[in-house]
Amino acid sequence: MKYSNFFLPTIKDAPSDAEIISHKLMIRAGMIKQSSAGIYSWLPLGLLVLKKIEQIVREEQNNAGAVELLMPTIQSSDLWIKSGRYDDYGKEMLRITDRSGREMLYGPTNEELITDIFQSHINSYKDLPKNLYHIQWKFRDEVRPRFGVMRGREFLMKDNYSFDLDENEAKKSYDNMFKAYIKTFIRMGLTPISLRAETGPIGGNLSHEFQILAKTGESTLYYDKKLETLNPETIDPNKLQSFYAAVDDQHDEKNCPISNEDLKISKGIEVGHIFYFGTKYSDKLNAFVQDKSGKNVPVHMGSYGIGVSRLVGAIIEAYHDEKGIRWPLEVAPFKVSIVNLMPEDQDCATKSLEYYEYFMKNNIEVILDDRICSIGKKLSDNELIGIPYQIIIGKRDLKDNLVEIKNRQNNESEKISSSSLIDFINNKLIK
RNA sequence: CGGGGAGUAGCGCAGCCUGGUAGCGCACCUGGUUUGGGACCAGGGGGUCGAAGGUUCGAAUCCUUUCUCCCCGACCA
């Protein structure tokens, strides 16, 4: 992508509405534009990141054996009346009346719909287990949307639903998802902390929430330091669930089961939540299968959510500095940015284009900053949008056949010979 | 939903108290000078002052109503 052809409206001053750092940076970096309270347009740069995160979530779901489908945003009230949640959900549910006077709603979650889909096609224990997910926009009419995309009213969520014959099997599905969640967040460069959680309005009796560490996080976490250094290849959900972790209002210093040496205290942001809720919805919505003995039994269900759009903000909260965003490589909108300080200089233009074409040809996501503007603006914009590797090309260095390469993750730069640049980047990006 | 605050150019704000030609900085456009850290000089465009009603010779400014947005708290991916 050439910057001159892209749509990347960076701004120097964030609007006074924006309060937290990720919100400010997302606006300044031209990632989002607010449309109304808690509702945002995703501009090209923001969309690239959102899609990256979505894709990682998708791949890890698929790896864990979940199957993707897509349910609508607009639902009829019928199923919600059956499940009893049409009234329970209250004002947080956006209700809509269609032209023929039917009561519709913009889905805040999908337990009802998925259970209905399941029950109309699955009748035998032989078809179990099943685990279905979708990545779809949700709407919850929060009393107080805030913090940009971290707490929007409209938000993109991955939610999936597991169906099992009995509690024992359901716990296996639960643990399977538990493990997939840890892997998903680690892949994004984050440190996930899993906590035993209240089940809330979804109901049920087993639940964990997943927070990621960020200095600016909303909640204070107390946890076993072993949770910080997990190897995604060797996760044992049962063992992990036994490690101590609590949010501040649950933490009790006197009764804390682990030693002070093992206890860590950090700030976190909730990005995922999983529930096992047994037969709560299958009972009400007739999701029964015949077991071996021919008896009709309600299936045991779990549901699992990841806030995809929230993660964009959460990752920025975890990775930024005073100059802007520092994207982890896996979610970065571009891997490499070629910053041509002097587009009007023939040598700079030629060299920049040479690199650009190489990266394009080799499917390394690259943005070429070919704008004609002051050097300071160019450098600071690039710091703001936080591309992991920035190749800075200027007349001065190029005379000596040098280019500067800046690693935005640790802000270290070095000058290397222009002929070794391609090898340098390849070594960094190909593992 | 309780408490507080704000709507004036794309963004950040001043003007309002004490009514009288709608301003400043950044951004934008034109020309020129610059060229390794948001550069400089000159010229220029852009506003139904959130909306409706009222008071007045005259309203961004005073009064009434209303809409929107933000912050703190209770609640959530």
Side-chain angles (χ1 to χ4, degrees), chain A residues 9-20 23-24 27-28 30 33-39 53 57 89-93 107-110 135-160 181 184-185 197-202 207-212 218-219 247 249 268-275 303-314 323-324 339-345 348 371-384 390 392-400 402-404 406 413 415:
Chain A
T10 58
I11 48 173
K12 215 165 166 179
D13 304 312
S16 54
D17 302 11
E19 190 65 18
I20 61 162
H23 190 192
K24 283 184 184 160
I27 292 170
R28 290 191 49 216
K33 173 162 169 40
Q34 180 162 340
S35 159
S36 54
I39 302 178
I53 293 169
V57 170
Y89 230 95
K91 283 192 163 175
E92 219 171 279
M93 185 150 76
T109 176
N110 288 69
I135 300 173
Q136 178 63 292
W137 292 91
K138 307 288 190 293
F139 195 93
R140 292 182 192 168
D141 201 356
E142 299 271 350
V143 277
R144 191 177 161 216
R146 66 185 114 169
F147 304 147
V149 300
M150 298 257 283
R151 180 101 181 266
R153 290 194 293 171
E154 188 182 56
F155 58 98
L156 187 62
M157 179 163 103
K158 184 284 303 173
D159 44 323
N160 57 326
Y181 270 40
T184 302
F185 299 128
E198 301 300 320
T199 51
I202 307 281
S207 174
H208 282 86
E209 63 179 54
F210 293 80
Q211 302 230 10
I212 57 105
E218 266 194 285
S219 23
V247 291
D249 54 351
I269 299 167
E270 188 184 356
V271 292
H273 207 145
I274 64 177
F275 305 88
S303 75
Y304 314 87
I306 290 180
V308 175
S309 48
R310 170 179 282 192
L311 269 164
V312 181
K323 288 176 174 169
V339 187
N340 183 356
L341 296 181
M342 201 74 67
E344 286 159 307
D345 178 81
C348 292
R371 291 174 299 166
I372 295 168
C373 66
S374 80
I375 287 159
K377 175 165 172 52
K378 205 167 273 200
L379 291 171
S380 53
D381 271 352
N382 274 275
E383 277 157 344
L384 175 63
Q390 300 175 9
I392 298 166
I393 296 172
K395 207 168 161 180
R396 193 185 68 192
D397 288 345
L398 206 54
K399 251 190 301 194
D400 307 323
L402 294 174
V403 294
E404 182 180 335
K406 178 150 104 190
S413 352
K415 291 187 181 174

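Rounded to a whole Å, the CD1 atom of A:Ile393 is 20 Å from the P atom of B:U35. A:Lys24 has its NZ atom 11 Å from the P atom of B:C71, to the nearest Å. What separates CD1 of A:Ile39 from P of B:C70 is a distance of 10 Å, to the nearest Å. Nucleotide B:C1 holds its C1' atom 19 Å from the CZ atom of A:Arg140, rounded to whole Å. Note: CE (A:Met93) to P (B:A77) measures 16 Å, nearest angstrom. A:Glu344 places its CD atom 13 Å from the P atom of B:G36, with the value rounded to the nearest Å. Separating the CG atom of A:Leu341 from the P atom of B:G37 is a distance of 9 Å, rounded to the nearest angstrom. Rounded to whole Å, the distance from CD on A:Glu218 to P on B:A74 is 10 Å.
Going from the P atom of B:G58 to that of B:G43 covers 38 Å, rounded to whole Å. B:U55 sits 15 Å from B:U61 when the P atoms are compared, rounded to a whole Å. One P atom belongs to B:C57, the other to B:G10, and the distance between them is 35 Å to the nearest Å. The gap from the P atom of B:C40 to that of B:C49 amounts to 33 Å, rounded to the nearest Å. Nucleotides B:A22 and B:G32 have their P atoms positioned 35 Å apart, rounded to a whole Å. B:A6 and B:C63 have their P atoms separated by 14 Å, with the value rounded to a whole Å. For the P atoms, the distance from B:C69 to B:U8 is 14 Å, rounded to whole Å. Here, B:A27 and B:C13 have their C1' atoms 14 Å apart, quoted to the whole Å.
Looking only at distances, a side-chain donor or acceptor of A:Tyr181 sits under 3.5 Å from a matching main-chain atom of A:Gly305. Of the possible polar contacts, none joining the A:Lys378 side chain to the A:Val339 backbone as a donor-acceptor pair under 3.5 Å is found. No donor-acceptor pair under 3.5 Å is formed between the side chain of A:Lys24 and the backbone N or O of A:Asp13. A donor-acceptor pair is defined here as one N or O able to donate and one able to accept, closer than 3.5 Å; no such pair exists between the side chain of A:Glu142 and the backbone of A:Arg151. In this structure, A:Ser374 contributes its side chain and A:Lys377 its backbone to a donor-acceptor pair below 3.5 Å.
Base contact: A:Glu383 has a heavy atom under 4.0 Å from a base atom. Contact annotation for A:Val143: base contact, defined as any heavy-atom pair under 4.0 Å involving a base atom. Residue contacts for A:Leu156: at a heavy-atom cut-off of 4.0 Å it reaches no nucleic acid atom on any strand shown. Residue A:Ala18 is classed as having no contact, given no heavy-atom separation below 4.0 Å to the nucleic acid. Using a 4.0 Å heavy-atom criterion, one finds that A:Asp397 contacts the bases of the nucleic acid, with or without backbone contacts as well. No contact: A:Gly90 has no heavy atom under 4.0 Å from any strand. When heavy atoms are screened at a 4.0 angstrom cut-off, A:Gly272 is found touching the sugar-phosphate backbone but no base atom. Contacts of A:Ser36 with the nucleic acid, taken as non-hydrogen atoms under 4.0 Å apart, involve only primed sugar atoms and P, OP1 or OP2.
With distances taken from any side-chain atom of A:Gln34 to the nucleotides B:C69, B:G36, B:G37, the minimum falls on B:C69. Taking only side-chain atoms of A:Asp17, from C-beta outward, the nucleotide of B:G36, B:C69, B:C76 with the closest atom is B:C69. With distances taken from any side-chain atom of A:Ser16 to the nucleotides B:G36, B:U35, B:C13, the minimum falls on B:C13. Here the nucleotide nearest the side chain of A:Arg310, chosen from B:C76, B:C1, B:C69, is B:C76. Side-chain proximity of A:Arg146 to B:C72, B:G37, B:A74: nearest is B:A74. Considering only side-chain atoms of A:Leu379, the nucleotide from B:C70, B:G37, B:C13 that sits closest is B:G37. Of the candidates B:A77, B:G37, B:C11, B:C11 carries the atom nearest the A:Asp13 side chain, counting heavy atoms from C-beta on. Of all nucleotides listed (B:C1, B:G37, B:C69), B:C69 comes nearest to the side chain of A:Ala37. The nucleotide whose nearest atom lies closest to any side-chain atom of A:Arg144 is, among B:G73, B:G37, B:A77, B:G73.
In this structure B:C69 sits in a base pair with B:G5, meeting the Watson-Crick or G-U test at under 3.5 Å. In a base pair of the Watson-Crick type (N1 to N3 plus N6-O4 or O6-N4) or a G-U wobble (N1-O2 and O6-N3), with each distance short of 3.5 Å, B:C28 is matched with B:G44. B:C62: Watson-Crick or G-U partner is B:G54, with both key distances under 3.5 Å. Look at B:C17: it lacks any Watson-Crick or wobble partner with both distances under 3.5 angstrom. The nucleotide B:A39 finds its pairing partner in B:U33, both defining distances of the Watson-Crick or G-U wobble pair being shorter than 3.5 Å.
Here the CD-CD distance, from A:Glu270 to A:Glu218, works out to 9.5 Å after rounding to the nearest 0.5 Å.
Heavy-atom minimum distance, A:Ser207 versus A:His273: OG-NE2, 2.8 Å. Heavy atoms only, all atoms of each residue included: A:Val247 and A:Glu209 are closest at CG1-OE2, 4.2 Å. Here the shortest heavy-atom pairing between A:Lys12 and A:Arg28 reads O-NE, 3.2 Å. For the pair A:Val149 and A:Ser309, the tightest heavy-atom approach, listed with the atom from each and the gap, is CG2-O, 3.5 Å. Of all non-hydrogen atoms in A:Met150 and A:Ala314, the two that sit nearest each other are SD-N, 3.4 Å. Between A:Ile392 and A:Lys406 the shortest heavy-atom distance is CD1-CB, 4.4 Å.
Each of A:Met157, A:Arg153, A:Glu154 was evaluated against A:Arg140; a single residue qualifies, A:Met157, per the side-chain contact (heavy atoms from CB on, under 4.5 Å) test.
Remark: A:Lys138 engages A:Asp159 in a salt bridge, criterion side-chain N to carboxylate O under 4.0 Å.
Along RNA chain B, the nucleotide nearest A:Lys323 and the nucleotide nearest A:Ile20 are compared for position; the residue whose nucleotide lies closer to the 5' end is A:Lys323. Along RNA chain B, the nucleotide closest to A:His23 and the one closest to A:Lys33 are compared, and the more 5′ of them pairs with A:Lys33.
For A:Arg151 against B:C75, a side-chain N or O and a base N or O form a donor-acceptor pair under 3.5 Å.
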So if I define the base as every atom that isn't primed, P, OP1 or OP2, how would nucleotides 3-9 of chain B read as a B/S/- string at a heavy-atom cutoff under 4.0 Å? -------

Please list each protein N or O that sits under 3.5 Å from an N or O in nucleotides 38-44 of chain B, with the distance.
{"from": "B:G38", "atom 1": "O4'", "to": "A:Lys377", "atom 2": "N", "distance (Å)": "3.3"}
{"from": "B:G38", "atom 1": "O2'", "to": "A:Lys12", "atom 2": "NZ", "distance (Å)": "3.1"}
{"from": "B:G38", "atom 1": "N1", "to": "A:Ser380", "atom 2": "OG", "distance (Å)": "3.1"}
{"from": "B:G38", "atom 1": "N2", "to": "A:Lys377", "atom 2": "NZ", "distance (Å)": "3.2"}
{"from": "B:G38", "atom 1": "N2", "to": "A:Asp381", "atom 2": "OD1", "distance (Å)": "3.3"}
{"from": "B:G38", "atom 1": "N3", "to": "A:Ser380", "atom 2": "OG", "distance (Å)": "3.3"}

